[in-house]
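Worksheet: the structure to be examined is printed underneath.
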Amino acid sequence: MVKNFWKIVNQVIKQADIIVLLLDARLINETRNLEIETKVKKENKPLIYVITKCDLVDKRELEKISLRPSVFISAKKHLGTTILRNRILLTGKKRYGNMEFFTIGVLGYPNVGKSSLINAMKGKRSAPTSSTSGFTKGVQKIRADNKLVFLDTPGVIPYKEKDSSKHVLIGTIDFNRAKDPERIVVDLMERYPGQIEDHYGVQPSPDFEHSIELIAKKRNLLMKQNKPDTERASRMILKDWQTGKMRLLVG
Ligand SMILES: Nc1nc2c(ncn2[C@@H]2O[C@H](COP(=O)(O)OP(=O)(O)O)[C@@H](O)[C@H]2O)c(=O)[nH]1
Ligand SMILES: [Mg+2]
């Protein structure tokens, strides 16, 4: 699987004229992959950062992002697709002169929104999308219009056990399969102080475990003797996070 992943990435970088690397607006640094970026540079292919799921973060949060060139996208709301198309054509013209058609390699972590982006660029459903990672199997070629062909890549990426929390937050690991979901929710609460608590309408507290208990009670997730079921509550929170139910305010 792991070997296969890098084989696919290498193939896509070679075949594509331009690479777009997708980053989740909520987890910009976590969804960067320097190994991929280095490979792209080595092959001398232009790279555009595409910041996805922008509908889930405050505009002022986006203004802090200093990556260049970058384009903000919400595939869900069909925002940014024209800007991205123009950016791709401009980048292509700069790098390749009079070439008329471009193949765009779409890379990024599973669940970051690759297939959704391509669908939005096309305007009608074409690449399959799913909030469960690993849905896209091989590389797929999708023609978006008379100038652009996209290469959609599958959702397999190697990760180390120590990064498992990060991968649950990105969505590489499905919330159902997360080990120790409470710990990951604590991570999330540390990262975005007060925002998770706000979303569920409980009072923020420095004791995150306590906050999870409050959320469990509020949602009536109880075990025997009416004890809060913090594991179930944590999985619910991770599910809401992964499926984009939580919108983040400026931090
Ligand atoms: N809110 C929001 N959700 C998105 C957006 N783009 C993708 N998603 C969701 O993120 C999940 C993964 O999307 P998908 O395109 O399958 O990701 P891929 O694995 O990178 O191809 C799905 O549940 C999508 O509905 C977006 O712009 N906004
Ligand atoms: Mg996909």
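Counting starts at 1 for both ligands and their atoms, following the listed order. Residue numbers run from 1 in the order of the sequence given. In what follows, every heavy atom counts, from backbone to side chain, and hydrogens, waters and symmetry copies are set aside.
- We find that K59 and E63 are not joined by a salt bridge, their nearest charged nitrogen and carboxylate oxygen being 4.0 Å or further apart.
- Counting the atoms of ligand 1 from 1 in the order shown, those under 4.0 Å from a heavy atom of S74 are 27 (O).
- Distances below 4.0 Å separate heavy atoms of S116 from the following atoms of ligand 1: 6 (N), 7 (C), 13 (O), 14 (P), 15 (O), 24 (C).
- Salt bridge E43/K14: present, at least one basic N to carboxylate O contact under 4.0 Å.
- Among the backbone and side-chain atoms of S115, an N, O or S atom lies under 2.8 Å from the Mg ion (ligand 2).
- Below 3.5 Å of separation, one finds no N or O of D152 facing any N or O of ligand 1.
- In terms of heavy-atom proximity, D55 sits nearest to S74 at OD1-OG, 2.8 Å.
- In this structure, D55 counts as a contact residue of ligand 1, since one of its heavy atoms falls inside 4.0 Å of the ligand.
- The nearest pair of heavy atoms linking A178 to I184 is CB-CD1, 4.0 Å.
- With salt bridges taken as basic N to acidic carboxylate O contacts below 4.0 Å, one links D24 and R26.
- Only the side chain of L56 comes within contact range of ligand 1, with a heavy atom under 4.0 Å; no backbone atom does.
- Looking at G113, A25, S115, A75 and measuring to atom 17 (O) of ligand 1, the nearest heavy atom belongs to G113.
- Between K114 and ligand 1, a contact under 3.5 Å exists for at least one N or O pair.
- Atom CD of E61 and atom CG of L56 lie 12.5 Å apart (nearest 0.5 Å).
- Listed by number with element, the atoms of ligand 1 under 4.0 angstrom from any heavy atom of Y109 are 20 (O).
- For the pair V12 and V106, the tightest heavy-atom approach, listed with the atom from each and the gap, is CG1-N, 4.5 Å.
- Within the 4.0 Å heavy-atom shell around ligand 1 one does not find G244.
- In this structure, Y109 and H167 have perpendicular ring planes: the angle between them is above 60°, well past the 30° mark.
- The parts of N111 lying near ligand 1 are both backbone and side chain, judged by heavy-atom distances below 4.0 Å.
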